[in-house]
Engineer: 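Take a look at this one; I'll ask things after.
Keep in mind that the numbers below use all heavy atoms, side chains included, and drop hydrogens, waters and symmetry copies.
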Amino acid sequence: MAKAAKPPKPEEITKTLDYRKTPKGPWIDTKVEFRPGMYCYGTRPKYLEEVDMPNPREWSTSDEDWKLPENWKEIFLEGMEDRLRKHRSFRLFMDICVRCGACADKCHFYIGTGDPKNMPVLRAELLRSIYRRYFTTGGKLLKRTAGARELTEEVFKELWYYAYQCTECRRCSVFCPYGIDTAEITIMVRELVNLLGCNTDWIMGPVANCYHKGNHLGLEPHTIQSNIEMMCDDIEEITGIRIEPTFNRKGAEILFVTPSGDLFAVPGVYTAMGYLMLFHELGLDYTWSTYASEGGNFGFFTSLEMAKRLYYKVYAEAERLGVKFIIGGECGHMWRLWHQYLATFWKPPENLETPKSPITGTVFEHASASKVVHVVEFTADLIRHGKLKLDPSRNDHLRVTFHDSCNTSRGMGFFEEPRYVIKNVCNHFYEMPENTIREKTFCCGSGSGLNASENMELRMRGGLPRANAVRYVHEKYGVNMLANVCAIDRAALPTLMQYWVPGVEVCGVHELVGNALVMTGEKKRTMDLRLEPLPGFEEEEEEEE
Amino acid sequence: MEQLREVLRTRRDGIVRRWFDYIIETYPEETAAFLKSKRDPFTNPVGSTIKEGIEGIIDYIVGEGEEEVQTFLDRIIRIRAVQDFKPSEAVEFVFHLKDIVRAEVGMRLDEPEIRRQLREFDSSVDKLALLAFDIFMECREKIYELKATELKNMTYKLLERAKLLDELDKHKW
Ligand code: SF4
Ligand code: SF4
């Protein structure tokens with residue numbers, strides 16, 4: 001055969017296309033490009049109006065003109081000065097970075113996106129360059145030579161874009177020799193952009209709802225009550241036991257508050273069923289509140305001031321009902337806020353005491369300031385004292401691993417309690433690799449209010465390091481359940497798993513507790529809390545029949 | 001394709017390295033350095049997944065791979081499908097294997113039998129590329145599906161109460 005005309009080589013075909021995305025030149029000159037799937041929509045004006053926040057207007061993040069007020073620059077810089085004065089840590093973090101790069105490849109967003117501006121050191125540098133230009137003598141004089149740059153609208157947008165590509169997870173801070181916490185810097189940038197009305201819709205909606213109705217979704221009291229009653233119907237079907245929880249009951253010993261995600265969304269509702277069953281079995285003198293009906297706080301992803309406003313109701317309700325202490329449901333940022341900020345936001349009312357388990361007598365000294373304990377600490381203590389009858393074989397169809405949420409682990413938190421509970425209610429537990437758990441845990445990629453749908457690509461990239469470690473235990477040990485103690489995890493991880501590791505489901509730790517809990521007077525269990533047949537147990541039943 | 005396979009087997013490491021470098025260069029400079037240097041698969045999932053993936057594909061081509069080539073291709077494409085690449089950009093690296101193999105075959109390109117086998121090889125690369133394209137589209141569809149499912153899960157209990165769920169389930173997402 002004569003020589004056939006050669007098809008063009010791939011390199012010839014592709015010559016016209018630019019596959020090399022490498023931005024050339026120093027980062028300071030690289031312009032921000034808003035890429036679809038990487039950012040959330042801007043907030044609707046009505047949400048800002050509802051809580052008296054500045055600059056409500058119709059705008060879109062993809063617009064050229066963000067309709068900033070005329071004196072926006074002044075507002076921004078004054079806001080920055082104010083915060084530099086107020087938060088010593090902020091000024092310190094602006095000053096002391098030696099750009100050693102130890103943090104650079106520790107951020108899940110950098111690992112997953114490959115975008116250099118997602119390196120914590122560069123993310124911080126975006127603001128630090130402004131700090132140098134306007135707040136240091138060297139920067140004022142030497143400008144660019146000193147790593148300083150002008151604040152322009154372009155720069156403002158860049159700060160915005162990358163502040164909403166950081167989940168405030170603090171992983172980078174674990175590796176920084178100076179303890180610089182880029183999360184704190186992101187928190188400051190978000191405060192500053194909020195001075196100009198530039199929050200996301202996904203965060204601002206829950207904030208406004210929470211302010212007016214008590215919870216992020218805006219569930220009204222009768223809806224909350226009937227949702228919980230519906231869970232009780234399911235529990236009755238599973239156990240034969242009718243639970244009658246109380247709402248807004250004055251004189252209860254304990255107020256229970258959980259993120260509203262546990263009240264309406266799967267798999268959160270199964271976790272809530274676990275709480276209901278546990279508290280019933282203990283005969284706990286506790287009440288739900290339809291007013292303090294949100295443990296989470298999207299205000300924290302807006303400004304510390306807003307976090308404070310939204311949490312007013314927690315102590316107020318505890319005071320009104322006259323309870324002795326508060327138990328918080330499974331949540332990450334709720335715990336960080338309650339543990340570290342709440343008692344500084346508001347003074348705990350006189351009627352609150354240092355939490356003491358009425359069942360075991362254990363005094364939770366670490367909660368003496370805030371008067372709140374995380375339900376996982378409470379349950380671990382019960383198990384430690386042998387107060388629960390458990391049948392872990394009911395979870396034998398599950399091979400479980402545990403995802404440390406950033407806030408419970410790195411927020412001066414707990415590592416052992418959830419593991420202790422899981423190991424007592426499940427027979428098959430497997431850890432993910434050491435450098436992806438505990439204080440080095442990888443974020444779900446959707447924390448700090450980034451769990452919207454329009455930024456799905458960002459979430460999938462940011463969640464890749466976590467998913468990759470799950471895939472490892474899935475392939476090696478057959479892990480099929482990813483347990484956690486965080487409502488955002490329960491909302492975001494199922495999606496992450498479906499994309500990266502199909503075959504792994506997600507649950508709260510108390511769902512596993514509910515499955516294993518042997519309740520007084522219960523009928524033979526044939527279903528798990530998801531109303532699905534309980535493998536092993538169901539067969540037996542059939543044989544008997 | 002036996003003779004060509006033999007060549008590929010002996011040059012396997014070189015091919016893997018070149019192909020890996022080629023893919024990694026589609027990332028920014030600093031990132032490329034990170035993706036290449038960090039070997040721990042948990043601190044560097046992108047780099048290690050790509051590495052594992054291309055090794056699997058090459059082993060499959062030289063007839064030593066046991067696992068389905070689809071699985072390896074899937075791992076690489078699944079990452080690229082959420083990383084700002086256009087479909088053509090995401091799968092282009094597959095075609096480049098032709099050039100790399102030619103470069104590695106070197107002098108023996110003159111042998112008619114090798115040339116014949118190369119044509120055969122080219123068509124299997126084309127098939128791989130088509131497969132890669134299918135996987136890319138599946139991944140993109142998955143992303144859209146996930147967005148819809150999330151919305152549905154979010155409001156699951158509320159809809160169940162309003163007896164709307166049956167209708168929703170009938171609706172194709
Ligand atoms: S590890 Fe700390 S000092 Fe080093 S670059 Fe990162 S923030 Fe700066
Ligand atoms: S706080 Fe977390 S998301 Fe933010 S820069 Fe550090 S590692 Fe990345």
Engineer: Is it true that, when you exclude B/Arg78 itself, more than 12 heavy atoms of the residues, nucleotides or ligands shown sit nearer than 6.0 Å to its CZ?
Structural biologist: yes

Engineer: Restricting to non-hydrogen atoms, name the atom on B/Glu30 and the atom on A/Pro116 that form the minimum distance, rounded to 0.1 Å.
Structural biologist: OE1-CG, 3.7 Å

Engineer: How about A/Asp115 and B/Pro28: do any of their side-chain heavy atoms sit closer than 4.5 Å?
Structural biologist: no

Engineer: Could you tell me which portion of A/Thr495 (side chain, backbone, both or neither) has an atom closer than 4.5 angstrom to a non-hydrogen atom of chain B?
Structural biologist: both

Engineer: Would you check, one step at a time, whether the test side-chain contact (heavy atoms from CB on, under 4.5 Å) holds for A/Glu457 with B/Arg140?
Structural biologist: CA-CA 10 Å; A/Glu457 279 82 351; B/Arg140 293 306 309 168; 2.5 Å; yes

Engineer: So how far is it from A/Met497 CE to B/Leu146 CG, rounded to the nearest 0.5 Å?
Structural biologist: 11.5 Å

Engineer: Non-hydrogen contacts under 4.5 angstrom with chain A: give the residues of residues 119-126 of chain B involved, or none if there are none.
Structural biologist: none

Engineer: Checking A/Met432 against chain B: side chain, backbone, both or neither under 4.5 Å from a heavy atom?
Structural biologist: neither

Engineer: Using heavy atoms and a sub-4.5 Å threshold, report which of residues 104-113 of chain B line up against chain A, by residue number.
Structural biologist: none

Engineer: CZ of A/Arg35 to CG of B/Asp84: how many Å apart, nearest 0.5 Å?
Structural biologist: 4.0 Å

Engineer: If I measure from the heavy atoms of chain B, does A/Ala469 come under 4.5 Å with its side chain, its backbone, both, or neither?
Structural biologist: both

Engineer: Considering only residues two or more places apart or on different chains, which pairs with a residue in residues 32-41 of chain B satisfy side chain to side chain donor-acceptor pair (under 3.5 Å)?
Structural biologist: A/Asp105-B/Lys38, A/Asn435-B/Asp40

Engineer: CD1/A/Ile111 to CG/B/Leu35 distance, rounded to the nearest 0.5 angstrom?
Structural biologist: 10.0 Å

Engineer: As an exercise: rank A/Arg471, A/Arg459, A/His108, A/Lys440 by heavy-atom pairs under 4.5 Å with chain B and give me the winner.
Structural biologist: A/Arg471

Engineer: Give, as side chain, backbone, both or neither, the part of B/Lys142 having an atom under 4.5 angstrom from any heavy atom of chain A.
Structural biologist: side chain

Engineer: Using a heavy-atom cutoff of under 4.5 Å, enumerate the residues of residues 41-55 of chain B that contact chain A, numbered in order, or state 'none'.
Structural biologist: B/Pro41, B/Phe42, B/Thr43, B/Pro45, B/Val46, B/Thr49, B/Glu52

Engineer: Under 3.5 Å, is there a donor-acceptor pair between the side chain of A/Glu454 and the main chain of B/Lys147?
Structural biologist: no

Engineer: Heavy-atom distances under 4.5 Å only: say whether A/Ala452 touches chain B with side chain, backbone, both or neither.
Structural biologist: backbone

Engineer: In this structure, are over 12 heavy atoms from other groups packed under 6.0 Å from A/Lys213 atom NZ?
Structural biologist: no

Engineer: Can you confirm whether B/Phe133 is buried at CZ, in the sense that more than 12 heavy atoms of other residues, nucleotides or ligands lie under 6.0 Å from that atom?
Structural biologist: no

Engineer: Which bit of B/Ile79 comes within less than 4.5 Å of chain A, counting heavy atoms only: side chain, backbone, both or neither?
Structural biologist: both

Engineer: Working to the nearest 0.5 Å, report the span between CD of B/Glu150 and CE of A/Met456.
Structural biologist: 4.0 Å

Engineer: If you count heavy-atom pairs within less than 4.5 Å of chain B, which of A/Ala492, A/Pro433, A/Pro267 leads?
Structural biologist: A/Pro433

